[in-house]
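Below you'll find the structure, written out as structure tokens, and then a few comments.
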Amino acid sequence: MPEGHTLHRLARLHQRRFAGAPVRVLSPQGRFAEDAALVDGRVLVKSEAWGKHLWHHYESGLVVHVHLGLYGAFTESAVPMEPPVGQVRMRMVGAEFGTDLRGPTACEVLHPPQVAAIEARLGPDPLRKDADPDKAWKRISASKTPIGALLMDQAVIAGIGNVYRAEVLFRHGINPDRPGRALSRDEWDALWADLVALMKVGVRRGTMHVVRPEDDHGDPAYAKDRPRTYVYRRAGSPCRICGTPVAHSLMKGRNLFWCPRCQPS
């Protein structure tokens, strides 16, 4: 599933290409046709993201809500666009560019109160200027739940997925099974600051860069791991820092990776 930096990158792209002008909104597949008609030809005022949710705000006050889920993806092209291929849920066409959306978990038109209700259920997003890390800290510091699970809970922090979860915990030497309430405030502040920095890099570059330059030795044996990670999807491989085999288990149905030596219990 795409992590939060991907949605913010899409929001910025759509802001540049479509905002401030009328946009044709269609549903070649037909499943989004009635909702598409509500915003078709309207001016797109703003495109933004919160966690893994993408919002397109139109001048009418209506908002297109997209959640990509596991299989959703946008494909971009210049106009004139080719005829739709496959199950295109939503097609947006601007003056110079168009985009097709396929396979999302959610693609719907909402009113502002409905958008506010969804956002109220989400934790702070490290990529948003209005994010309040204290809100997440209050939940974490009072919880017996492992920090590895709390970081994946979108009601605690929005936008963090499996890769950022594994990598930020490794970078700070925190075992994913440690209860949230066992973290110190200094540890939380450092985690939050690192998430902000790492995810901003993801937005800027379009890919995740989580290994510090001094730890990326360029060993050809790791070529299959690019983009390089410390532990994610490296079960059984030697830790880049200490050489201990990277461990793997499941936590709440999701793959979990960590180094038993660098992240002791």
Side-chain angles (χ1 to χ4, degrees), residues 1-9 11 48-55 57 63 65-69 105-106 110 112-203 208 210 230-232 249-259 262-265:
M1 182 182 296
E3 302 199 24
H5 73 284
T6 299
L7 277 300
H8 280 269
R9 190 174 172 87
E48 63 171 345
W50 189 317
K52 299 180 181 182
H53 300 263
L54 178 67
W55 310 111
H57 298 264
V63 182
H65 167 227
V66 173
H67 191 294
L68 294 178
T105 295
L110 302 177
Q114 295 171 297
V115 173
I118 292 175
E119 292 181 345
R121 298 195 296 267
L122 297 173
D125 178 341
L127 287 170
R128 289 181 63 93
K129 293 180 180 179
D130 59 359
D132 180 7
D134 285 344
K135 181 179 178 182
W137 170 244
K138 289 177 182 177
R139 295 280 299 271
I140 291 169
S141 61
S143 178
K144 298 179 182 178
T145 301
I147 185 61
L150 290 168
L151 289 179
M152 295 282 283
D153 186 343
Q154 299 301 297
V156 177
I157 309 174
I160 306 303
N162 222 357
V163 183
Y164 283 126
R165 181 261 299 271
E167 297 300 303
V168 77
L169 289 176
F170 177 88
R171 285 166 62 96
H172 292 267
I174 297 173
N175 189 283
D177 281 320
R178 194 198 300 185
R181 68 182 186 181
L183 263 68
S184 70
R185 181 59 196 254
D186 286 346
E187 286 177 317
W188 164 245
D189 288 342
L191 277 175
W192 176 266
D194 207 17
L195 284 169
V196 171
L198 290 174
M199 294 180 76
K200 283 183 176 179
V201 172
V203 173
M208 297 180 183
V210 296
Y230 283 107
V231 292
Y232 181 72
S249 66
L250 293 178
M251 179 176 282
K252 293 187 179 295
R254 300 295 300 275
N255 287 305
L256 181 68
F257 303 91
W258 78 99
C259 173
C262 295
Q263 300 165 265
S265 299

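FYI, the numbering just counts along the sequence from 1.
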Rounded at 0.5 Å granularity, tell me how far [atom1] in [X] sits from [atom2] in [Y].
{"X": "Phe257", "Y": "Arg165", "atom1": "CZ", "atom2": "CZ", "answer": "9.0 Å"}
{"X": "Arg139", "Y": "Asp153", "atom1": "CZ", "atom2": "CG", "answer": "6.0 Å"}
{"X": "Trp258", "Y": "Glu167", "atom1": "CH2", "atom2": "CD", "answer": "14.0 Å"}
{"X": "Leu191", "Y": "Ile140", "atom1": "CG", "atom2": "CD1", "answer": "8.0 Å"}
{"X": "Cys259", "Y": "Asn175", "atom1": "SG", "atom2": "CG", "answer": "10.0 Å"}
{"X": "Arg171", "Y": "Leu195", "atom1": "CZ", "atom2": "CG", "answer": "9.5 Å"}

Given side chains that start at C-beta, do those of [X] and [Y] come closer than 4.5 Å, heavy atoms only?
{"X": "His5", "Y": "Val201", "value": "no"}
{"X": "Met208", "Y": "Glu3", "value": "yes"}
{"X": "Gln154", "Y": "Lys52", "value": "yes"}
{"X": "Leu151", "Y": "Tyr164", "value": "no"}
{"X": "Asp177", "Y": "Ser265", "value": "no"}
{"X": "Pro126", "Y": "Leu198", "value": "no"}
{"X": "Val203", "Y": "Met199", "value": "no"}
{"X": "Ile118", "Y": "Trp50", "value": "no"}

Checklist entry - So, Asp189 and Arg185, do they make that salt bridge, N to O below 4.0 Å? => result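 Counted as a salt bridge, because a side-chain N and a carboxylate O are separated by less than 4.0 Å.
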
Item to check | NZ/NE/NH1/NH2 to OD/OE distance under 4.0 Å, Arg128 and Glu119 | outcome: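 Salt bridge between Arg128 and Glu119, a charged N being under 4.0 Å from a carboxylate O: no.
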
Item to check | Test side-chain hydrogen bond (donor to acceptor under 3.5 Å, both in side chains) applied to His172 and Glu187, step by step | outcome: CA-CA 8 Å; His172 292 267; Glu187 286 177 317; over 6 Å; no

Item to check | Exam field: side chain Gln263 to backbone Gly173, donor-acceptor pair closer than 3.5 Å | outcome: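 Such a contact is absent between Gln263 side chain and Gly173 backbone.
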
Checklist entry - Any donor and acceptor pair, going by atom type alone, linking the side chain of Asp125 with main-chain N or O of Gly159 inside 3.5 Å? => result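 Looks like no, no N/O pair under 3.5 Å.
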
Item to check | Within 6.0 angstrom of Lys135 NZ, more than 12 heavy atoms from elsewhere | outcome: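 Yes - once you tally the heavy atoms of other residues, nucleotides and ligands closer than 6.0 Å, there are more than 12.
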
Next on the checklist: Using 30° and 60° as the class boundaries, would you call the ring planes of His53 and Trp55 parallel, tilted or perpendicular?
Outcome noted: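 Ring orientation of His53 relative to Trp55: parallel.
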
Next on the checklist: Looking at every heavy atom in both Leu150 and Gly180, which two are closest together, and how far apart are they?
Outcome noted: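 For Leu150 versus Gly180, the nearest heavy atoms are CD1-CA, 3.7 Å.
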
